[in-house]
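In this text the structure is predicted, and so the values were computed from the model without any measurement. So that the names make sense, note that chain A is the first sequence line, chain B the second, and so on, each numbered from 1.
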There are 2 protein chains.
Amino acid sequence: MLKRLSKDIKKLNTKKKTTIKDIANVLNISTAAVSKALHNDSRISKKTKKAVRQVAKNLNYQPNHLASALRKGKSNLVGVIVPRTNSNFFSSVIQNIEEVLNKEGYNIIITQSNESYKKECNNIDTLLFTQVDGIIASMANETIDLEFYEKVKAKGIPLILFDRGENDLNVDYIGINDYESSHVIVEHLVKQGRKRIAHIGGYKHTRIFNNRIRGYVDALKKHHLPLDNELLIESSLTIEDGRQKMEQLLKLKNRPDAVYIASDYAALGALQLLNELQIKVPEDIALVGFGNEPFTAMVTPSITSINQHSEEIGKQAALTFLNYKNKKTIKQTLNKIILDAELVVRESSAPK
Amino acid sequence: MLKRLSKDIKKLNTKKKTTIKDIANVLNISTAAVSKALHNDSRISKKTKKAVRQVAKNLNYQPNHLASALRKGKSNLVGVIVPRTNSNFFSSVIQNIEEVLNKEGYNIIITQSNESYKKECNNIDTLLFTQVDGIIASMANETIDLEFYEKVKAKGIPLILFDRGENDLNVDYIGINDYESSHVIVEHLVKQGRKRIAHIGGYKHTRIFNNRIRGYVDALKKHHLPLDNELLIESSLTIEDGRQKMEQLLKLKNRPDAVYIASDYAALGALQLLNELQIKVPEDIALVGFGNEPFTAMVTPSITSINQHSEEIGKQAALTFLNYKNKKTIKQTLNKIILDAELVVRESSAPK
DNA sequence: ATTTTTTGGTTAAACGTTTAAGCAAACTAA
DNA sequence: TTAGTTTGCTTAAACGTTTAACCAAAAAAT
């Protein structure tokens, strides 16, 4: 009974969080000394440091992040904006960003745009409001107007884009070589004996998708394949739209014998339709996706795809941010990192 | 040339963020008046409010969240911990939490434990360090020791668990009726004429998985089916382990004619193996997963599963937190919300 | 005409840190 | 011995808000 009571009293005491002032009082030194001791300042004696650390532990001291952030003018928070988290690519990028930044004392705030421009603007406002020290983002499909990103730049907050970027914005960027990836894919399909290669691509206004389209067109030229406008289709690249656009291709008098789709999700939709219609993949039509999402290895037939190196992208994005903060020069050369993509060949693109 | 220069000067000026002090100076009033005006305090005249708002807009004022959080003793940040974000269930829960909390002026910090106990502890420390006003979490598979969650409770920070919870912790919880779900599944399989129903379940120490196992056992009894220990297997429920445990089941002399798997991911692994071995689903073996992940509808054959109502879980978790903050009573009755799950019948469990 | 109430503010302290500047005491060098 | 340096702190201000307490002037009530 008595024990319980004393426990309760202790709990009540711990409710009021202990501050450096409490530590200072115990040791009869100034709060400044405590602060310095905790930061291992050279002007504090070893004895005092030891004592401070001991008392801090005893009182279960947890530094107030808000106070130090306010004083130092930085929140040690980095905002991350992604179209969605439930794709392996984005969640893997996030995980790697987190890993690198946590080590340097930064935390991340993750927000999703759900491919909506409006939500993305909200997210940016939210992050600015939260006083983040930087923003790492991949833009929504809808996003064309860059006003909100300009706002971030204008505030002098480091902005790093990955995957879905924009040239006009003139900020740091980490991505893969989309143009070259298309070449690799087309080359692979040509080697498998394909002659009529279609491309279900993303919106042209998004740079990465535009590059994939350009790569596709140029690669066709290179291999002296005819460029048929019917075979080049713009899509939102969702599962549903992939299915729909594949349907469109199947209606052609002269069907393609291979389809390169700029997203694994859309490729999955296309594959489902083909399976339902008993059209044989890869015998009748070969399929290549993009992104190397785990399910590409799991479906039947498994889907050939492009590995986007999400781990490396995440790491480099984080490092780019850290670089920004360490160098305090106002002008800084932009960091544009373009990684080579890697083709992962699976069943869906085997020879006829 | 001159225009550009003046723009640059403006930019330099905006670098130093405007504060309520700046607004106060312009209007020759006190910062207190500005603060009150911005919060629509009744003791400020309409004229002043209007003027303040105008100047705030002109100077592009953005409130310093850190300062107000420090002063008010709350950060308006809610921490969310999930095992991973790249599952549709979790990302959907997160999205709904975010939606509800954003409306009330809260932002969320998402962290992933990757099913690791150590990472989860780190996440908790991180969130406490960031001075979150509350934590909404779903525990990692590994987590047995609740010391860190007790720490959260001891600090008086609202803690709400969902999906993966723990009875011992005695905190608010939102989840589905796992025990009942197992009944629904077994009943469904029995109706399809299945006689030997196996269960690949999760770790027994996790409450939800334990409930599913108990439900499975009791439902078998109810339908007078024999309970065969060989047919009840504990698994980590990853894709790989699902595959492996299915292999184990296939080695039995007396194979099951239906398998209920406590996770869609493990069910996917099992299905892959069955497909490879040309074992017909559902003719030879029926399959039921859990979670209603989108891919269950996409694979061949599509997988029957349980819809966990992720949207509702997210919403209720957020509302439970808000409820916590609004009522300032110290004692509060615990909120245990158990939603009814819904069986989504697909190809994998059609009659023989 | 005097008191009371309302209106529309102001003043100053507080939230918990960090940090520039200062300073006494102890030590070192000449 | 004395000037200079080093050590180990202290003082006080600052970061940008919010808020309790106070107050003068105007309006309303008596």
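Using a 4.0 Å cut-off, some side-chain N or O of A:S45 falls inside it from OP1 or OP2 of D:dC9. Here A:T19 does not reach the OP1 or OP2 of C:dC15: none of its side-chain N or O atoms lies under 4.0 Å away. Taking side-chain N and O atoms only, A:H39 has a distance below 4.0 Å to OP1 or OP2 of C:dT18. Between A:T48 and D:dG8 there is no side-chain N or O to OP1 or OP2 distance below 4.0 Å.
For D:dT17, its base never sits under 3.5 Å from the side chain of B:K21 at any donor and acceptor pair. On a pure distance criterion of 3.5 Å, no polar donor-acceptor pair joins the side chain of B:R43 and the base of C:dG9. A donor-acceptor contact under 3.5 Å is formed by the side chain of A:K36 with the base of D:dT10.
The nearest whole Å value for the distance from the CG atom in B:L27 to the P atom in C:dG8 is 16 Å. One can place CG of A:N76 at 14 Å from C1' of C:dT18, the figure rounded to the nearest angstrom. Rounded to a whole Å, the CG atom of B:N64 is 13 Å from the C1' atom of C:dC15. In this structure, CG of A:L70 is placed 18 Å from P of D:dA13, rounded to the nearest angstrom. Between the CG atom of A:N28 and the C1' atom of D:dT10 there is a distance of 13 Å, given to the nearest Å. If you take CG of B:D41 and P of D:dA21, they are 15 Å apart, rounded to a whole angstrom. Taking atom CD of A:Q131 as the reference point, atom C1' of D:dG16 lies 9 Å away to the nearest angstrom. In this structure, CG of A:N40 is placed 13 Å from P of D:dG8, rounded to the nearest angstrom.
When each of A:S42 and A:T31 is assigned the nucleotide of DNA chain D bearing its nearest heavy atom, the one mapping closer to the 5' terminus is A:S42. Taking the nucleotide of DNA chain C with the nearest heavy atom to each of B:K72 and B:I29, the more 5' of the two is matched to B:I29.
At most 12 heavy atoms of other shown residues, nucleotides or ligands fall within 6.0 angstrom of atom NZ in A:K50. At most 12 non-hydrogen atoms from other residues, nucleotides or ligands lie less than 6.0 angstrom from NZ of A:K118.
With rounding to the nearest 0.5 angstrom, the CD1 atom of B:I81 is 4.5 Å from the OG1 atom of B:T111.
Shortest non-hydrogen contact noted between A:Y173 and A:R164 is CE1-C, 4.4 Å.
At the heavy-atom level, B:S35 lies under 4.0 Å from base atoms of the strands shown. Looking at heavy-atom distances under 4.0 Å, A:S30 makes contact with a base.
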request  = Would you check, one step at a time, whether the test side chain to side chain contact (heavy atoms under 4.5 Å, CB included) holds for A:I94 with A:V82?
outcome  = CA-CA 9 Å; A:I94 289 173; A:V82 290; 4.1 Å; yes
